[in-house]
Trainee: 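Got a structure for you, written out below as structure tokens; questions coming shortly.
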Amino acid sequence: MAQIFHRSINLYSKASIVAVVLLGGAAFAGLFAFERSPYITYQGVTKPQPVPFSHQHHVAGLGIDCRYCHTTVETSNYASIPPTKTCMNCHSQIWTNAALLEPVRDSYRSGRSLVWSKLNDLPDYVYFNHSIHINKGVGCNTCHGPVDKMPLMYAASTLQMEWCLDCHRAPEKYLRPRDEVFNMEYKQPANGEPVSFDGKDYTDQKTLGMALVAKYHLRNVTDITSCSTCHR
Amino acid sequence: MSAPLNGLLAEFESASDLVAAAKTTHRSGYNDIEAYSPFPVHGLGEAIGFTKNRVPLVVLICGILGACTGYGLQYWVSAITYPINVGGRPLNSWPSFVIITFELTVLFAGISATVGMLVLNDLPRPHHPVFNVPQFERASQDRFFLCVFAADPKFNASETRRFLEGLKPISIADVPDE
Amino acid sequence: MSTDPTIALAEEDREIPVLEPGHDMASVTAKISDIVLERPLSIAWVAGVMFCSGIVLMLGTAVTYLFFKGTGIWGINIPVGWGFAIVNFVWWIGIGHAGTLISAILHLLRQSWRNSINRFAEAMTLFAVMCAGLFPLIHTGRPWLAYWMFPIPNTMSYWPQFRSPLLWDVFAVSTYGTISLVFWYTGLIPDLATLRDRASNKYIRLIYGALAMGWRGEARHWERYESAYLLLAGLSTPLVLSVHTVVSFDFAISIMPGWHTTVFPPYFVAGAIYSGFAMVLILVIPVRAVYNLRDMITEKHLDIAAKVMLATGLIVAYGYILEIYMAWYAGPKSIDWFTVHNRFFGPYAGPYWMLWVCNIITPQVLWIKSIRRSPVLLFLISLVVLGGMWLERFVIIILSLHRDFVPSSWGMYYPTKWDWMTYIGTLGLFTTMIFLFCRVLPMISIFEIRMLLPESHVKHAAESHAPAAQLEGKHL
Amino acid sequence: MAPENTKREDTCPGKKKTLDVQSLDAKALDLAAVREEIASTSGPEYWRSLEELAGSDEFREMMHREFPKGASEWLDSFSRRGFLQTMGASLALAGMTACTRQPLEQIVPYVRQPEDMIPGRPQFYASATTLGGYASPVLVESHMGRPTKIEGNPDHPASLGASDIFAQASLLNMYDPDRSQTPVYLGETRSWKNFVDQIRTRMAGQRAVEGEGFRLLTGPISSPTLANQIQALLKMYPKAKWHQYSPLHRDNVLAGSMLAFGQAVETQYRLEAADVILSLDADFLSPSFPGSARYTHDYAARRNPDAAMNRLYVVESVPSPTGVKAEHRLSLRASEVEGFARSLAASLGLGGNAADSHFLRAVADDFKAHAGSCVVIAGEQQSPEVHALAHAINAHLGNVGKTVVYTDTVLANPVDQTASLRDLTQDLREKKVDVLVILDANPVYDAPADLNFADVVLNSGAGLRLHYGLHQNETAELCQWHVNAAHSLEAWSDGRTYDGSVCIIQPLIAPLYDGKSAHELVAALMGQSTLTGHDILRSYWQGQAKSSDFETWWRKTVHDGFVAGTAHPAKAVTPKAGLPPLKAAAAADASTIEVSFRGDPAIYDGSFANNGWMQELPKPMSKMTWDNPAWIGPAYAARTGLKSEDMVTLEIAGRSVQVPVWIQAGHPDNAITVFLGYGRRRVGRVGNGAGFNLYAVRSSDAPWRTTAKITPLAQTYKLASTQGYQTIETATITRPVIREGSLAEYKKKPNFAQEMEETPERNVTLYPNVDYSDPNYNKLGYAWGMTVDLGACVGCNACMIACHSENNIPVVGKPQVVVGRHMHWIRVDAYYQGDRDNPSASFQPVPCMQCENAPCELVCPVGATVHSSEGLNDMVYNRCIGTRYCSNNCPYKVRRFNFLLFQDWETPQFKMMRNPDVSIRSRGVMEKCTYCVQRITVARIDSEREERAIRDGEIQTACQQACPSNAIVFGNVNDPQSKVSKLKAQARNYSMLAELNTRPRTTYLAEVRNPNPQLESAEHAGVDSAVEQG
């Protein structure tokens, strides 16, 4: 009987098997990467807005406090997007005829709302409450990132469940004193610059975090990783 | 017979003949030999001096590996990464974890048995010099073959052929290398 | 368990061998492999495949519509949350048991007769498990999320819930499927080599050649091969017993009356083997006739299979009776009493008594040797048993659910046309696969048949070889 | 090599080919040729055959049958939902998976945000809803300007925070997409302005003739403002007439008070002061009874066995929740009740002669023993005589002023509505009418059949027929003009509650289809079309307000929701001497049986017919949905061989209608009860064609009771009862899920309920128990639990509708209910025990038990239902893959599954109506009661922000809040001081199916009844045995 296969096939046959296995693994890994990619999460992606509003200018430049516009952030689950009126408080005096602001003025005249694209968009089955996070010492930029350095706003975090859990499983990693919550310059304590809280200076986040957890009566991890904390 | 010789292939009528022939060949100092049969023939392995079979060891190791993976996975998921109260049961509800542990043990061991066998047998190997010999196609049907490879230090085309003829095969063929 | 009668029998009647005399290696090889390589396509075969794949199309339709509309197209409701889907699942899985049982357990027990039917039974197992595996997937409300049942790292960093019997099922069934496949393929390798070497068509040779992976039957290979095969058998034995045990946990672990019973595992396993052997007979009887394999699958095989059915059938009967006994023991105020009462006289009493007729009463005729050896009768009885086993699952699932603790929530379950289409569809899928299998792979393990031949064992060697061979030796 | 040769032969390639060829094509013997042939033919053939398949009729038929029809078959009740939608939703669902992309969403902020508005936090406004003219005070929850939920007004004595199904469901009425959306003239849509112009000329014409041909038909009205407007209208058109009609009128009550006192008075009951209550066919615990919310509260307050319990006797002709609660129930035909009343009066010494009976004697003695602290309540459907007798007895026993109070009538200008409508019809017949204005009434549908109003109206030649209402209904069809009404949540108005106090109805939202309020319409009739409802209301109250500073007064009034101090004062009335004369009763003819007419418990007179919540609400006694079968008694059924779902022809005075029958346990023999309000033609997609129209056989001279002939038909009709037939087949409950005992038993053995079933030892377990009080496990130490007092529950279903509304529960439609897929998170089970003709019955509300050892959680393969640290059995919809295993393993069967796409993802109105704090579940997902976790979360977050603990009672579940009898109590079981802990500590507290060791957080307080020792021996034995074995 004649050879059916050429000698080289011996190598190929083995190689192909290995290759299939490797490719499978690669595909899997790729999927994971894709799942977390900005394409899916919009992390760091700006979206078209009626007005190119610059947080950098308003926060860093003018030093306006977050709560001037996001009025209900301490009292409600929504931080709330300011009504056109809030913009007009200033812009009826300054930049009164900047072309950029025409949509705002038009909205104010016509009573038609500005329509913004939502950037930090949680799935509808997730119930997030701003007020309690603020109250427990979660800084604005802990989740929203360096807003004061964003000419155009974008979501700084993936807002995926694993991201939420990262903090809910160990809040002490991120907490800060309440009076620092709205401070965009706040830095976590380091040997160089300690953070003082309750009259004590803390040089590392761990101990500070623990102190805050105790002080602010944070619920246990078992409590805040219970499903109904966020899903109902 | 232009191609370089890879070995000599003797064809036998029955399993018994083959075993006998293999024994003699092996005893008379040929080590790089191989016997071929259409079904497992008892004692043929030792006849050609095959002793250490590592398949069981592979299976044992993979089995243990499977067991650890099984319980480890369940324990890690239920008690470490996301501890959560399910129906008032403790986080490490070991009785519930036995089954999947068992399943993974069998899965790992089972796959390793076949894969191990193939790897140790150096399969897949679709091409092999012996296939060059026409009558070898009956090695998978009803004939029994004994091959002495040229790689064997004691091998000598004419010597060995004569030696094999002494074993009363049906036929003897050269195994060309190409 | 099931093997005691068969061993006994292997001693007892010698007159019918497992392989009719007059065969030599060449002839068995030729006979089996020619079915694949030489036999021309018959109109009947083509027609059969066409018909069955038509039924598969129906399955496709049913499943597509299911995905469009949701499980509501079925008859399920609250309280009866599980209907045909799970009934069929358990039924198919049960059928799937014969294969591995025959090839693994009987291999360990050195039952030579299994050599002629194990290949076929294993194929049947694979296809049955295929059909079974379909149901847990499609019966979920959101099948596109079924992958959540597997421990895959994910952005939710949330994982399956390992205390759930359903999850045990997922692992048990997929392990069972995988191992059966591996076992089957391992057994095929030497035969694939044979086909490779006998094929006259170049392309066919290429295909079988590739599948055979260059098997040459080297002594060393055989040594490793045999130990691997033995280990696989050793591993599959607890596996096959565990699978239906785990399936039974779906019910036994719950707290529903009629489900929460410790007898379920053994009784499910027995039932599985019961239906498995029934299916083997249903397939083997026509096949040995059509492909004229009566000399390799002899009446002896039928006889043994029948006895296995008889034995397992009795175990199943014991299960039924135990349920009634338990109810009696718990007393008339107990929920168990009510459940049994509801089975006897409730709205589904019909199916329940049908079940007794099919599974317990009919098979008793198998005590008669002549019936055990009459293919036609065996075929019919097997059909009845298969139906009975399907009814058993229907009774266990629907009858237990439709009336439980709180009377206000009692209900009824009526299957819809979609339930039936899905069920019949899987039958079509199964038979299609069998049809194809018959034509592309050796239905009988050629090399293991060779080992049944007297010439196969080495004469001079004093120490015993495959006792099979000895056995046959005595016959001939 | 012999074998080899043979082999070569039989497999000779040549042979093989020929074989093949023959099988393919006999003529060609050469393989190559054959190959060619195949190549050349196979292609085309293949395509042809496919075309054939696709083109064949069978194929088309198949496609047709399987898809469109199959689809429609499985669509839920709203036929507009189609295939595309299913796909759309599946996509929406896919959005629930982990690795799908969020769709782009938008934020639309206000331009000028209202000061008091905090996005994300609901606001509550006091208002009122009306039913049959009577107002019930409510608080309306509003999210960003969308009313989403209706609660009772806790500050108002008529509600005390409770609400009823009608108030709750009126929310859905407002969002009903089938509402009339524009004025219509002869089928063409017109504008309000256009209408005003048209009508001006007409009314001018009437002005000229002093309203000679002007008729106004309204329903019963309690609104002072509207009444005042109508008076003004009548001044303007002196010769005009004002008619009132509603099919569920209270004519007999009115006639009764005329008979007894010679004047129209309102009768109020003070049940908190009543030790013994006798109901003469009065279903005063059902929400359609004016003041039922308060009555239920007062009644239930006296059901605590540790305090002084009241005792309820019910003599009734139609099984009712009130009858279920009775200690002693006497089942009589409606016609026999008067006889009983007379006998009672006699045996109490008011003259006449008493037919003596065990029951009667017991009641009489009990009454004598409790003179001044007992009360007789007569039913609206009972004859004036019965009412007069009731008044007499109450007066005789000195109950007046104690348990009974008389006041001015709540309805403005009460009239005999049947007579009033009869007059109108007369005028129409005589062509006296030129302008007919029908305000919020639907006589074409619900007028007594003998008036055949439809023809009369059509042939009346009235030049202007105007219908004003929420729907373009049967009446609108016969009117030239239809004006779309504003819903009471959309417009300013007012109304009186049963005690006469005035509630201000304030709009929660601008009219969705800018409908007009009745005030505006009447104003328009007076040529004041520019006035807004708000102006009208204000100007009226400006006149009434006894306050110097109207603005503050008005603001306070609107804020509180009612006008302080407007409750009617008690009124001294003296009953006429002597008993009402005995009317000659028509001799009952053997071939006929007695028919009673009743309003439907859920859809009332038909005005809730297009309300999916109400259609799917299981009626208290039969658990029937979507239909109104006629009730017959078990005895009658046994005699005639009728079965539930059999169709019969019901013939009354020459008119006949076909209805299915339902065997109702406890229904009197030789009688049949039919329910009005169904069988509507023009109400909307939900209500059209549901049930059977019984108005077709109702006559004006016998609106509540008459005799009929029944002839069985050879056909059956599928009914959708959520409890199947178990309502009358509960013989074989193996564990007593409901437990009750008599007061005596309770005194003897307070924990009788617990002893009915053995509860497993807490610590006999392989596994350690979870400690919910451990601060390391559960920091704030809350462990939520609930008790349900079976003694207090009157089965009014308020909890079910409240839950429906709070939790965005979908309506599934009749076909789905039939196959057992209704979605109620809390259900009220009805159990009947003992003699089927006069059974002892009980209600049992069943929400999720929130088991600590939850069987459902254990079996979920993906962990979609797990326990929260506070002991809630969380259901995570977005994790659920729908194996339904949890439901199978739930012994209480409280889990509900979205078998199909039950939720409506399209209709914008419904989107507005939904509670934004609760996920909308879609296809393939399990759902269940969550203890209103959204409310818990809000309360917890608030308390944490304020750094305090949640106060006991701060969290109310929707069902608890609605419950008029306070049967449901929710709270923290870790806090021994909480109300719920105290209740759980009571001896009669028991867990359902405790033996299963599921450790429910929801437990029940066993019902304790206070039977009259004189009668108890007779009845209760039966019940107890039923309970024991049962």
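Labels below follow one simple rule: chain letters A, B, ... track the order of the sequence lines, proteins then strands, and each chain is numbered from 1.
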Trainee: Does the side chain of C/V406 come within less than 4.5 Å of D/D829's, by heavy atoms?
Mentor: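 Yes. Closest side-chain heavy atoms under 4.5 Å.
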Trainee: With a 4.5 angstrom heavy-atom cut-off, is it the side chain or the backbone of D/V866 that approaches chain C, or both, or neither?
Mentor: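 Answer is side chain: those atoms of D/V866 sit under 4.5 Å from chain C.
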Trainee: Measure D/P855 against the heavy atoms of chain C and call it side chain, backbone, both or neither at under 4.5 Å.
Mentor: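 For D/P855, the side chain is the part near chain C, not the backbone.
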Trainee: Are the side chain of C/Q161 and the backbone of D/V862 linked by a donor-acceptor contact shorter than 3.5 Å?
Mentor: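 Checking the backbone N and O of D/V862 against the side chain of C/Q161, no donor-acceptor pair under 3.5 Å is found.
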Trainee: With only heavy atoms counted, which part of D/E857 is less than 4.5 Å from chain C, the side chain, the backbone, both or neither?
Mentor: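 Only the backbone of D/E857 comes within 4.5 Å of chain C.
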Trainee: Between atom OG1 of D/T883 and atom CG of C/L166, what is the distance when rounded to the nearest 0.5 Å?
Mentor: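 Taking OG1 in D/T883 and CG in C/L166, the distance rounds to 5.0 Å.
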Trainee: Looking at side-chain heavy atoms only, is the closest gap between C/W82 and D/N888 below 4.5 Å?
Mentor: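 Yes. Closest side-chain heavy atoms under 4.5 Å.
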Trainee: Side chain, backbone, both or neither: which part of C/D169 has a heavy atom under 4.5 Å from chain D?
Mentor: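 Nothing of C/D169, per the 4.5 Å heavy-atom cut-off to chain D.
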Trainee: Can you say whether C/I397 sits under 4.5 Å from chain D via the side chain, the backbone, both, or neither, judging by heavy atoms?
Mentor: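 For C/I397, there is no contact with chain D at all, as no heavy atom is under 4.5 Å.
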Trainee: Go through C/H260, C/M149, C/M412 and name the one with the most non-hydrogen pairs under 4.5 angstrom from chain D.
Mentor: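 Looking at each of C/H260, C/M149, C/M412 in turn, C/M149 comes out on top.
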Trainee: With only heavy atoms counted, which part of C/W259 is less than 4.5 Å from chain D, the side chain, the backbone, both or neither?
Mentor: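 The answer is the side chain of C/W259.
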Trainee: Counting only heavy atoms closer than 4.5 Å, note whether C/F150 contacts chain D via side chain, backbone, both or neither.
Mentor: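 Answer is neither: C/F150 stays 4.5 Å or more from chain D.
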Trainee: So, do C/W168 and D/P861 sit near enough that their side-chain heavy atoms are less than 4.5 Å apart?
Mentor: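 A side-chain contact is absent here, since even the closest heavy-atom pair is not under 4.5 Å.
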Trainee: Only pairs of heavy atoms separated by less than 4.5 Å count here; which of C/V170, C/L401, C/N342 has the most with chain D?
Mentor: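 Max contact count across the listed options: C/L401.
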Trainee: Around atom OH of C/Y329, are there more than 12 heavy atoms from other residues, nucleotides or ligands closer than 6.0 Å?
Mentor: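 Open.
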Trainee: Please classify the contact of C/I76 with chain D as side chain, backbone, both or neither, using a heavy-atom distance under 4.5 Å.
Mentor: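 Both parts, heavy atoms under 4.5 Å.
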Trainee: Once rounded to the nearest 0.5 Å, what's the spacing between atom CZ of D/R879 and atom OH of C/Y158?
Mentor: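 With rounding to 0.5 Å, CZ (D/R879) is 6.5 Å from OH (C/Y158).
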Trainee: Nearest 0.5 Å, please: how far is CG in D/L901 from CZ in C/F68?
Mentor: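 The CZ atom of C/F68 sits 13.5 Å away from the CG atom of D/L901.
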Trainee: Do the non-hydrogen side-chain atoms of D/F897 and C/T71 ever get within less than 4.5 Å of each other?
Mentor: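 A side-chain contact under 4.5 Å exists here.
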Trainee: Are the side chains of D/Q723 and C/S408 in touch, meaning some heavy atoms are under 4.5 Å apart?
Mentor: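 Yes, close enough: below the 4.5 Å cut-off.
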Trainee: To the nearest 0.5 Å, tell me how far C/W74 CH2 sits from D/F899 CZ.
Mentor: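 These two atoms lie 11.5 Å from each other.
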Trainee: Which distance, rounded to the nearest 0.5 Å, do you find between the CZ of C/R142 and the OG of D/S922?
Mentor: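 Between C/R142 CZ and D/S922 OG, I get 8.0 Å after rounding to 0.5 Å.
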Trainee: Report yes if the side chains of D/V859 and C/P165 come closer than 4.5 Å at any heavy-atom pair, otherwise no.
Mentor: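 The answer is yes, as the side chains (C-beta and beyond) meet within the 4.5 Å cut-off.
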Trainee: Heavy-atom distances under 4.5 Å only: say whether C/Y414 touches chain D with side chain, backbone, both or neither.
Mentor: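 Neither part.
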Trainee: I'd like to know whether OH of D/Y767 has more than 12 heavy-atom contacts from other residues, nucleotides or ligands below 6.0 angstrom.
Mentor: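 Yes, the 6.0 Å shell around OH holds more than 12 heavy atoms from other groups.
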Trainee: With a 3.5 Å cut-off and no angle check, do the side chains of C/S409 and D/R827 form a donor-acceptor pair?
Mentor: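 There is such a pair between these side chains.
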Trainee: For the side chain of D/R821 and the backbone of C/G72, is there at least one donor-acceptor N/O pair under 3.5 Å apart?
Mentor: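 Yes, D/R821 side chain to C/G72 backbone: donor-acceptor pair under 3.5 Å.
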Trainee: At a 4.5 Å cut-off on heavy atoms, which part of D/C886 comes close to chain C: side chain, backbone, both, or neither?
Mentor: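 No part of it gets close to chain C.
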Trainee: Is it the case that the side chain of D/N889 and the backbone of C/I255 share a donor-acceptor pair, with hydrogens and angles ignored and the cut-off at 3.5 Å?
Mentor: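 Confirmed, D/N889 side chain pairs with C/I255 backbone.
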Trainee: Nearest 0.5 Å please: distance from the CD1 atom of D/I881 over to the OH atom of C/Y147.
Mentor: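 Going from CD1 on D/I881 over to OH on C/Y147, the span is 10.5 Å.
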Trainee: Using a 4.5 Å cut-off on heavy atoms from C-beta on, say whether the side chain of D/V819 contacts that of C/Y413.
Mentor: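 The answer is no, as the side chains (C-beta and beyond) never meet within the 4.5 Å cut-off.
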Trainee: For residues D/R895 and C/I78, determine if any side-chain heavy atom of one lies less than 4.5 Å from a side-chain heavy atom of the other.
Mentor: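 Heavy-atom side-chain distance check fails, nothing below 4.5 Å.
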Trainee: Spell out, as yes or no, whether a donor-acceptor pair under 3.5 Å connects the side chain of D/R884 to the backbone of C/H139.
Mentor: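 Yes; judged by distance alone, with no hydrogens or angles, the pair exists.
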